[in-house]
There are 4 protein chains.
Amino acid sequence: MRCDAARNRERVLAAALELYRERGGAFTVEEVASRAGVGVGTVYRRFPTKNALLDELARPFFEQLLTTAQAAHGHPEPAERLEVFIRAMAEQHAIDGVRSGRLWDAAVARPLRDEYVRTLGLILAEARAAGRVRADVEPYDVGVVVWSITGLIDATQHAAPVIWRRYLDLLVDSLRPGGERPLATRPVTQGDWEDLVAASPVLRLG
Amino acid sequence: MRCDAARNRERVLAAALELYRERGGAFTVEEVASRAGVGVGTVYRRFPTKNALLDELARPFFEQLLTTAQAAHGHPEPAERLEVFIRAMAEQHAIDGVRSGRLWDAAVARPLRDEYVRTLGLILAEARAAGRVRADVEPYDVGVVVWSITGLIDATQHAAPVIWRRYLDLLVDSLRPGGERPLATRPVTQGDWEDLVAASPVLRLG
Amino acid sequence: MRCDAARNRERVLAAALELYRERGGAFTVEEVASRAGVGVGTVYRRFPTKNALLDELARPFFEQLLTTAQAAHGHPEPAERLEVFIRAMAEQHAIDGVRSGRLWDAAVARPLRDEYVRTLGLILAEARAAGRVRADVEPYDVGVVVWSITGLIDATQHAAPVIWRRYLDLLVDSLRPGGERPLATRPVTQGDWEDLVAASPVLRLG
Amino acid sequence: MRCDAARNRERVLAAALELYRERGGAFTVEEVASRAGVGVGTVYRRFPTKNALLDELARPFFEQLLTTAQAAHGHPEPAERLEVFIRAMAEQHAIDGVRSGRLWDAAVARPLRDEYVRTLGLILAEARAAGRVRADVEPYDVGVVVWSITGLIDATQHAAPVIWRRYLDLLVDSLRPGGERPLATRPVTQGDWEDLVAASPVLRLG
DNA sequence: CATGAATGAGTCTTCATTCAT
DNA sequence: CATGAATGAAGACTCATTCAT
């Protein structure tokens with residue numbers, strides 16, 4: 001029965017993901033169960049809590065995000081990698097369709113996040129070496145840029161994808177060197193980043 | 001009695017605003033009532049529904065936003081107005097402390113939003129005339145820029161305000177002319193904008 | 001509406017008491033509500049928790065117990081008071097019909113319990129002065145004697161009241177002086193008593 | 001396979017007994033199964049119902065009780081047997097650690113109970129012949145005395161064993177002859193005793 | 001036979017909204 | 001008008017029991 005069980009687990013996860021995409025946390029466990037074609041008890045057998053279920057949604061999301069980041073880092077032309085990275089992150093986020101909101105804070109995302117930031121640091125270093133990025137931009141700045149674009153994607157993906165694409169163009173351009181004025185505010189640190197993630201809008205229901 | 005009634009209405013609104021700032025929609029009507037020093041019945045006398053009450057929170061918020069925009073437009077140096085405008089919007093949003101989320105979509109915000117966009121158009125035209133902005137930026141692009149920064153402010157205002165400030169610096173810089181590549185995506189239209197607003201994350205509880 | 005509210009509160013309490021007598025904690029809040037002729041919400045308005053409701057059941061029970069103890073202490077003949085006390089406690093417990101189980105431990109019972117033990121101490125002192133009790137019996141011993149008889153009453157009150165009455169006769173007799181052998185075990189202390197109360201069988205449902 | 005099956009049955013029983021001692025009925029069948037190292041299905045193969053399992057717990061308990069009673073009856077000095085019996089019952093109950101509550105009523109206990117009462121009758125007759133017990137005490141009275149002490153043991157065994165030991169001393173003393181007043185209530189009959197057992201507090205979960 | 005996955009009725013609790021006083 | 005009591009539909013979670021593998 002391992003096999004059936006695994007299938008049901010996937011169904012539950014799929015149902016939850018669907019609902020999360022549609023309504024961002026505002027669904028009942030019963031809905032998940034019935035959409036997955038199982039009883040509530042089955043949901044609770046696999047996930048001790050509704051929140052645990054939501055957390056589990058984060059795993060494939062971040063795994064994919066990390067894969068995308070690493071693929072960008074593997075791009076043949078180092079000088080292009082930063083732009084490729086940012087655009088790829090946005091595309092994947094749009095394709096995935098998850099409203100990332102709460103998920104960045106899921107326990108499961110922690111190690112993946114770290115690896116993600118590390119990759120981002122490598123990419124930025126290369127872009128800097130190639131003179132393809134403003135000198136005053138730091139790794140976490142790029143993280144914030146991506147974070148901000150995902151917020152826009154979440155909100156506009158279905159209704160008006162043109163918005164985030166145009167905004168993305170602008171953002172990408174903003175990172176390029178040339179005639180920039182020095183940034184007045186100090187760079188974003190890891191601690192700031194943690195705070196950002198921890199404070200990201202909670203879409204869960206009470 | 002009119003006077004008492006009006007006072008009660010204000011109290012309720014003030015209490016709701018406080019709670020909204022603290023917990024973003026995750027509060028009960030009883031809490032609003034008790035913080036306002038009235039009974040629930042009184043809240044329901046003034047506002048037919050909890051959602052109606054939340055909508056009403058949007059009015060002063062947008063009025064203030066509009067005032068801020070107009071003040072920026074009144075800035076003595078036309079060439080500076082765009083930057084002043086963007087920074088002022090961010091500051092006011094941060095000061096106001098409202099998580100704007102749902103509020104842009106409130107019925108009450110409609111006329112104010114239009115006026116806001118009109119003002120923004122004027123400011124942008126002046127900036128363009130003064131050569132202080134990329135030629136390919138359109139009014140709604142600025143709207144989106146401001147919208148995106150407010151998302152960051154909402155999330156980081158308490159925990160790490162440095163984040164949004166630095167990001168704001170970068171954004172402001174990104175709008176300046178000089179060496180930019182043409183934007184690949186078409187400008188944001190009014191329709192896109194409406195969609196953005198309508199799809200903004202709903203922070204209401206179920 | 002104060003009046004109605006108070007009436008409803010009483011009804012809820014009465015319904016809960018009835019059910020507690022019948023089934024000792026094994027009832028649902030919905031049952032309490034429907035037997036009281038109100039909705040569940042009304043129950044929860046008055047009592048934040050099912051356990052809080054059960055605790056509240058303890059109050060009149062212990063108040064009555066204390067009253068009974070004090071009445072016994074007021075008995076005209078000091079020498080008789082101890083026996084009168086023990087018999088009265090048993091009678092009242094039987095009349096009240098509460099399975100005392102959990103109630104001794106209710107927060108509300110604390111101060112009443114202390115007063116109860118104090119009264120018991122006075123009565124015992126008088127009985128000793130009158131030579132009507134074994135010299136080696138201490139106040140908490142009497143408390144335990146009463147506690148043990150209530151256990152029997154709880155279990156047999158409906159089915160075979162003769163049992164506890166006969167046992168009570170025996171117990172009362174056992175406290176009288178004359179030919180007794182010294183008790184081998186040290187007296188019960190206040191700490192022991194607290195432990196007894198705290199460990200009394202929990203009849204609440206999970 | 002018989003052998004495995006029997007082993008499993010014992011394991012389940014042992015696990016259930018452990019849990020019953022720890023939490024008196026407030027455990028799940030899954031807990032029993034996992035502590036026994038089997039699946040729930042296996043538990044249900046051996047015991048049709050959770051209650052049936054609990055009933056089965058009574059068997060060794062009563063067998064031991066009976067053994068203890070018979071050992072007391074075999075005590076070399078007939079005159080001492082009653083006291084030895086009572087003390088031994090208490091000790092065994094305390095050692096065994098079962099909260100006897102529900103168990104006296106288990107179907108399985110019926111024949112053992114009868115034998116137990118018979119033994120008790122023999123012991124009492126001997127004590128009476130030796131003039132070591134009040135003349136008005138009947139067999140079932142002794143049963144009730146033991147029953148009442150077990151209630152105290154259940155409640156205080158872990159927290160304050162001194163309590164039941166002292167109470168036991170008092171009870172033992174109370175049965176001795178000398179200066180007693182006649183008991184006002186009629187003796188306990190077999191029917192009363194059955195009622196007592198049947199009404200003993202139900203510790204089962206809903 | 002053993003396993004443990006699946007079930008779903010049942011429990012407590014919350015809260016927007018209505019309505020008697 | 002104001003009050004706050006009453007309502008009851010949900011919702012998250014538990015667990016004895018059944019049943020497919």
Side-chain angles (χ1 to χ4, degrees), chain A residues 1-9 12 26-34 37-51 53 205-206, chain B residues 1-2 4-5 8 26-34 37-51 53 205-206, chain C residues 1-9 12 26-34 36-51 53 205-206, chain D residues 1-2 4-5 8 26-34 37-51 53 204-206:
Chain A
M1 193 165 276
R2 252 305 161 47
C3 169
D4 279 26
R7 178 145 27 99
N8 275 343
R9 189 176 192 281
V12 167
F27 52 82
T28 66
V29 176
E30 292 233 351
E31 275 178 297
V32 176
S34 79
V38 302
V40 266
T42 303
V43 176
Y44 277 97
R45 166 167 285 273
R46 302 299 164 202
F47 308 96
T49 268
K50 187 186 176 187
N51 274 350
L53 172 56
L205 278 200
Chain B
M1 285 301 145
R2 251 298 161 55
D4 278 19
N8 275 345
F27 52 83
T28 67
V29 176
E30 293 240 355
E31 276 177 297
V32 177
S34 82
V38 302
V40 264
T42 304
V43 174
Y44 276 91
R45 169 161 296 277
R46 305 297 168 208
F47 307 95
T49 268
K50 187 186 178 185
N51 276 349
L53 171 57
L205 279 200
Chain C
M1 194 165 273
R2 255 303 161 49
C3 170
D4 279 26
R7 179 146 26 99
N8 275 342
R9 188 176 192 281
V12 167
F27 52 83
T28 65
V29 176
E30 292 233 351
E31 275 178 297
V32 176
S34 79
V38 301
V40 266
T42 303
V43 176
Y44 277 94
R45 166 165 286 271
R46 301 300 164 202
F47 308 96
T49 268
K50 186 186 177 186
N51 274 351
L53 172 57
L205 278 200
Chain D
M1 283 302 140
R2 247 307 160 50
D4 278 21
N8 276 344
F27 53 82
T28 68
V29 176
E30 292 241 353
E31 277 178 296
V32 177
S34 82
V38 302
V40 263
T42 303
V43 175
Y44 275 92
R45 169 162 296 277
R46 304 297 167 209
F47 307 94
T49 266
K50 185 185 178 186
N51 275 348
L53 172 57
R204 289 180 183 170
L205 280 199

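The chains referred to below are lettered A, B, ... by the order of the sequence lines, with proteins before strands, and numbering in each begins at 1.
Counting to the nearest Å, the C1' atom of dG10(E) and the CD atom of E31(C) are 11 Å from each other. Y44(D) has its OH atom 17 Å from the P atom of dA20(F), to the nearest Å. Distance CZ (F47(D)) to P (dA16(F)): 15 Å, rounded to an integer number of Å. N51(C) has its CG atom 11 Å from the C1' atom of dC12(E), to the nearest Å. Across the protein-nucleic acid pair, F27(D) atom CZ and dA16(F) atom C1' stand 12 Å apart, rounded to whole Å. Straight-line distance from the CD atom of E30(B) to the C1' atom of dG4(F): 8 Å, rounded to whole Å. Rounded to whole angstrom, the span from the CG atom of L53(D) across to the C1' atom of dC15(F) amounts to 15 Å. The CZ-P distance, from R9(A) to dA6(E), rounds to 11 Å in whole Å.
OP1 or OP2 of dA2(E) sits under 4.0 Å from a side-chain N or O of R46(D). Checking the phosphate oxygens (OP1, OP2) of dA2(E), a side-chain nitrogen or oxygen of N8(D) falls inside 4.0 Å. Under 4.0 angstrom from either OP1 or OP2 of dA5(F) there lies at least one side-chain N or O belonging to R45(C). Using a 4.0 Å cut-off, no side-chain N or O of T49(B) falls inside it from OP1 or OP2 of dA16(E). Distances shorter than 4.0 Å separate none of the side-chain N or O atoms of T42(C) from OP1 or OP2 on dA5(F).
R7(C) contributes atom CZ, which lies 4.5 Å from atom CG of D4(C) (distance to the nearest 0.5 angstrom). Expressed to the nearest 0.5 Å, how far CG of N8(A) lies from CZ of R45(A) amounts to 11.0 Å.
Here dT13(E) is the nucleotide among dT13(E), dA12(F), dA16(E) with the atom lying nearest to any side-chain atom of K50(C). Comparing dT17(E), dT17(F), dA12(F) by their nearest atom to the side chain of V29(D) picks out dT17(F). Relative to the side chain of V40(D), the nucleotides dT3(F), dT18(F), dT3(E) differ in distance, and dT18(F) lies closest.
In this structure, dT13(E) and dA10(F) make a Watson-Crick or G-U wobble pair, each of the two defining distances being under 3.5 angstrom. Base-pair partner of dA2(F): dT21(E) (Watson-Crick or G-U wobble, both distances under 3.5 Å). Checking dG8(E) for Watson-Crick or G-U wobble geometry (two distances, each under 3.5 Å) identifies dC15(F) as its partner.
Between V43(C) and P48(A), the residue whose closest nucleotide on DNA chain F is further toward the 5' end is V43(C).
Residue T49(B) comes nearest to N51(B) through the heavy atom pair CG2-N, 2.9 Å, listed as atom of the first residue, atom of the second, then distance.
Using a 4.0 Å heavy-atom cutoff across all strands shown, T28(B) reaches sugar-phosphate atoms only and no base atom.
A distance-only check finds no donor-acceptor pair linking the side chain of K50(B) to the backbone of T28(B) [under 3.5 Å].
At least one side-chain heavy atom of Y44(A) sits less than 4.5 Å from a side-chain heavy atom of V29(A).
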